[in-house]
Student: 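Quick one: the structure is below, questions incoming.
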Amino acid sequence: MFKFERSIKNPILLPNKSNDWETEAAFNGCPVKKGTTVHLVYRALSSSIEHNGINMHLSTIGHAVSKDGINFEKRKQLIKPEYDWEAFGCEDPRVTELEGEYFIFYTALSKYPFSAEGINIGVAITKDFKTINEKHLVTPFNSKAMTLFPKRINGKIAAILTVHTDLPPAKIAIAYFDHKEQIFSKQYWNEWYASLDDHVIPLLRSSVDHLEIGAQPIKTRYGWLLLFSYIKNYLSHQKTFGVEALLLDLNDPTKVVGQTKKPILTPEADYELNGKVPNIVFPSGALAHQDKLHLYYGAADTSCCLATGDIKELLKELRIKPKIQLTETIEQAKLQRFIGNPIITPRQEFAWEAKATFNSGAIYLDEKVHLIYRAMSKDNASTLGYATSKNGYTIEERLPYPIYTPREDFEFKKGTSSSGPDFSGLDALDFYPDFSGCEDPRLTKVGNTLYMCYTAYDGMNPPRVALTSITIKNFLNKKWLWKKPKLISPPGIADKNACIFPQKINKTYMFFHRVGVSICISFISDLNFKEKRWLEHNKTLFGPRGDMWDNKKVGITGLPIETKDGWLLIYHGVSNPGSIYKLGAALLDLQDPSQVIARTDYPIFEPEMVYEKEGLIPNVVFSCGVVTIKNKIFVYYGGADKVIGVATINLNKLLKSLKNQ
């Protein structure tokens, strides 16, 4: 297991009482090595002085040199405020050598008292650490902690930075430049910022956490190694600072190859627990030499420290892939959850899916599983996101933007908790006056068209079934040219959990949907749904069973699966007491799927894990997507209306169980 060992000479750099500009603190050092010399730039904090008419402790940037990377000498002040955009301080430098020049990025403070709009990134460029040849304001928006990659990537200069450090959630993002001057081009950054989410690497695990770029990236044969600061519970009085590590793809550093699951360094030593700001370890620079990784970090915002670890061991841990392993093997025909669950979780960096990601539709096309999942913002508006998996378990691609958003009046928010109608006594998961948007998609391929049924809800009126479509070609090419959606269920009636049956029955389209507590069937001659043409309740497929596990209500998950023995339908059933959402299976007649051959008399899946029992709605496993790959059924489900997991079962095993019912 990888472990950092602190240097016995820590702290390696302390405040220097003989220099007014670094009397109070000397911390957050970043090294770069040239020949046999290690240059260290660091944040220095002065004694209380009058600066620009303000009595304050002023941050500037110091420089020192060393032959061994531990004992530093020849300390001097290298960068100090000169321009309006850095008038009140220069903090936390990160230095990278690129093409014969040293780029020192730092936090530039232009306002006092400090505020988000006055916290930006500046850069100083030098060739020898003796003369600063250029200084520029870099970002026109709130940001900190920027550093260059030490080599061009695909012919472009590349940088990684932290945006919205003082307007949480903070976001780590990638920027590319054709030439040096673009780095400090306001026009470039305004265009880049307009599509910020396209550049973000989502890493936040909670909306109350915080993160910042730490050390400059280090190139390894397996990817770019990045050490960064992850602060748990940042927005509380129980902050926990830690150092974590990422491995980014060499050719596309927006892709995460590996990530540590917990901090690899936390405050423990006395000099980390006590200082100007106690209980802080903050990664600010790193060097790799032979098999050793040397981390330079700030301790308690007071001093510079050093920790060393085995880089091979860290890379090994970062490259470990989650095994395609299931949680248990059981004799009954039950779904087995993937040990790597949840496979999709909310990303705090993206407002549209910061609260919850759940209830994913699924379809297997072009040798991969395509997931369209429900995403919820903090104001409870639902949109639909997109992700893919080649093996059914591991997410390879996940877009940073929603592919489907509310576009019609019937799915825009009208209700609030105070203005909405009285839904008391009705099922909690059917009516939420504060909710709105596009919910719970289910996908059916009909010819060259992909149809999507979803629940449209405005927070005021009962939820209804909406239908839209997209060509398969546009879907696979990610050209999200969806047809104008239509409401296809009658007004005034709560209708949900709908899908188009995957084949015509007697030359007629068949829909499954849920009205009340039962799965209903509707037949319709075409999919045009001209004005005021609704799904009719032609027949009830089946309802709850009062003396069994599905005694409250039932609804479909994804589409039924065609087998030689009949159509296999996995469905959800709600159990009382407790309104616990579980999954079961039914076998429908192959020629007339409105006829039920068998149903499981036990749930094949139910909430057991913490992420299924605790969330927006506790004790829920709810699926909208089922696919089959090589005789294995993959069920994608929402856990506690918060995250997405996957569970699997052998198709023949489940069929055998049903035929024995």
Student: Does anything in residues 104-114 form a salt bridge (Lys or Arg N to Asp or Glu O under 4.0 Å)? List the pairs, not counting sequence neighbours.
Tutor: none

Student: Are the side chains of L246 and V256 in touch, meaning some heavy atoms are under 4.5 Å apart?
Tutor: yes

Student: Going by the rule salt bridge (Lys or Arg N to Asp or Glu O under 4.0 Å), which residues pair with E317 if we only count those two or more places apart in sequence or in a different chain?
Tutor: none

Student: Please table the atom pairs, donor to acceptor, closer than 3.5 Å between any side-chain atom in residues 220-229 and protein atoms at least two apart or in another chain.
Tutor:
residue : atom : partner : partner atom : Å
T220    : OG1  : Y222    : N            : 3.2
T220    : OG1  : G223    : N            : 3.2
T220    : OG1  : G223    : O            : 2.7
W224    : NE1  : L250    : O            : 3.1

Student: Who passes ring pair (Phe, Tyr, Trp, His ring centres under 6.0 Å) against Y112, sequence neighbours left out?
Tutor: F88, F114

Student: Does W21 have any ring pair (Phe, Tyr, Trp, His ring centres under 6.0 Å) partners at least two apart in sequence or in another chain, and if so, which?
Tutor: none

Student: Which residues pass the ring pair (Phe, Tyr, Trp, His ring centres under 6.0 Å) test with Y454, sequence neighbours left out?
Tutor: Y404

Student: Within the 3.5 Å criterion, strictly below it, is a donor on E117 or S115 matched to an acceptor on the partner's side chain?
Tutor: yes

Student: Show your working on salt bridge (Lys or Arg N to Asp or Glu O under 4.0 Å) between K262 and E244 and close with a plain yes or no.
Tutor: CA-CA 7 Å; K262 58 183 180 180; E244 298 194 17; over 6 Å; no

Student: Quick test of your reading: applying ring-ring contact (aromatic ring centres under 6.0 Å, His included), list the pairs with at least one residue in residues 167-187, sequence neighbours left out, ordered by first then second residue.
Tutor: H136-F184, F177-Y188, F177-W189

Student: Can you give me the closest heavy-atom contact between P485 and E411, atom names plus distance?
Tutor: CG-OE2, 4.1 Å

Student: Given side chains that start at C-beta, do those of I372 and S360 come closer than 4.5 Å, heavy atoms only?
Tutor: no

Student: Does one side chain, of Y42 or N28, offer a donor that lies under 3.5 Å from an acceptor on the other?
Tutor: no

Student: Name all residues meeting the side-chain hydrogen bond (donor to acceptor under 3.5 Å, both in side chains) criterion together with D252; count only those two or more places apart in sequence or in a different chain, and write none if there are none.
Tutor: T254

Student: Exactly one of I470, T468, T471 should register a side chain to side chain contact (heavy atoms under 4.5 Å, CB included) with K483. Which one does?
Tutor: T468

Student: Just grab all the salt bridge (Lys or Arg N to Asp or Glu O under 4.0 Å) pairs involving residues 297-316, residues at least two apart or on different chains.
Tutor: D291-K312

Student: Sequence neighbours left out, what pairs pass salt bridge (Lys or Arg N to Asp or Glu O under 4.0 Å) with at least one residue falling in residues 385-406?
Tutor: E353-R398, E397-K478

Student: Kindly compute the distance separating OG1 (T126) from NE2 (H39), expressed to the nearest 0.5 Å.
Tutor: 9.0 Å

Student: For a quick check under 3.5 Å, do N71 and D68 share a side-chain donor-acceptor pair by atom type?
Tutor: yes

Student: Quick one: do K171 and E212 make a salt bridge, cutoff under 4.0 Å?
Tutor: no

Student: Does S469 use its side chain to pair, donor to acceptor, with the backbone of T449 at less than 3.5 Å?
Tutor: no

Student: Show every side-chain hydrogen bond (donor to acceptor under 3.5 Å, both in side chains) that has at least one partner inside residues 155-169, sequence neighbours left out.
Tutor: N142-D166, K156-D178, H164-Y193

Student: Measure the spacing between CD1 of I12 and OG of S303 and express it to the nearest 0.5 Å.
Tutor: 9.0 Å

Student: Output yes when a side-chain donor or acceptor of R407 lies under 3.5 Å from a complementary backbone atom of T405, and no otherwise.
Tutor: yes

Student: Would you say H289 and H294 are linked by a side-chain donor-acceptor pair, where the criterion is simply a distance under 3.5 Å?
Tutor: no

Student: Less than 6.0 angstrom separating the ring centers of F475 and H370, yes or no?
Tutor: yes

Student: Between R6 and E272, is the closest basic N to carboxylate O distance under 4.0 Å?
Tutor: yes

Student: Is there a donor-acceptor pair under 3.5 Å between the side chain of S207 and the backbone N or O of Q348?
Tutor: no

Student: Is it the case that more than 12 heavy atoms not belonging to K239 sit under 6.0 Å from its NZ atom?
Tutor: yes

Student: For K368 and S389, test the side chains for any donor-to-acceptor distance below 3.5 angstrom and give the result as yes or no.
Tutor: no

Student: Would a distance-only check, ignoring hydrogens and angles, find a side-chain to backbone donor-acceptor pair under 3.5 Å from W192 to I174?
Tutor: yes

Student: Flag the pair P15 / E22 as yes when at least one side-chain heavy-atom distance between them is below 4.5 Å, and no otherwise.
Tutor: no

Student: Is the ring pair Y83/W85 parallel, tilted or perpendicular, if the boundaries are 30 and 60 degrees?
Tutor: parallel

Student: Whether the side chain of N391 engages the backbone of Y393 through a donor-acceptor N/O pair (distance < 3.5 Å, no angle test) should be reported.
Tutor: yes

Student: Pairs under 3.5 angstrom only: tabulate donor-acceptor contacts from the side chains of residues 94-104 to other protein residues two or more places apart or in another chain.
Tutor:
residue : atom : partner : partner atom : Å
R94     : NE   : G214    : O            : 2.7
R94     : NH1  : D92     : O            : 3.1
R94     : NH2  : I213    : O            : 2.9
T96     : OG1  : T147    : OG1          : 3.1
T96     : OG1  : L148    : O            : 3.2
E97     : OE2  : K34     : NZ           : 3.0
E99     : OE2  : R152    : NE           : 2.6
E101    : OE1  : K180    : NZ           : 3.4
E101    : OE2  : K180    : NZ           : 3.4

Student: Would you find a donor on one side and an acceptor on the other, under 3.5 Å apart, between the side chain of D128 and the backbone of T131?
Tutor: yes

Student: Please answer whether the main-chain N or O of N251 pairs with a side-chain N or O of N154 as donor and acceptor at a distance below 3.5 Å.
Tutor: yes

Student: Under 4.5 Å between any side-chain heavy atoms of L58 and P81, yes or no?
Tutor: yes

Student: How close do A286 and P31 get, heavy atom to heavy atom, and via which atoms?
Tutor: N-CD, 3.8 Å

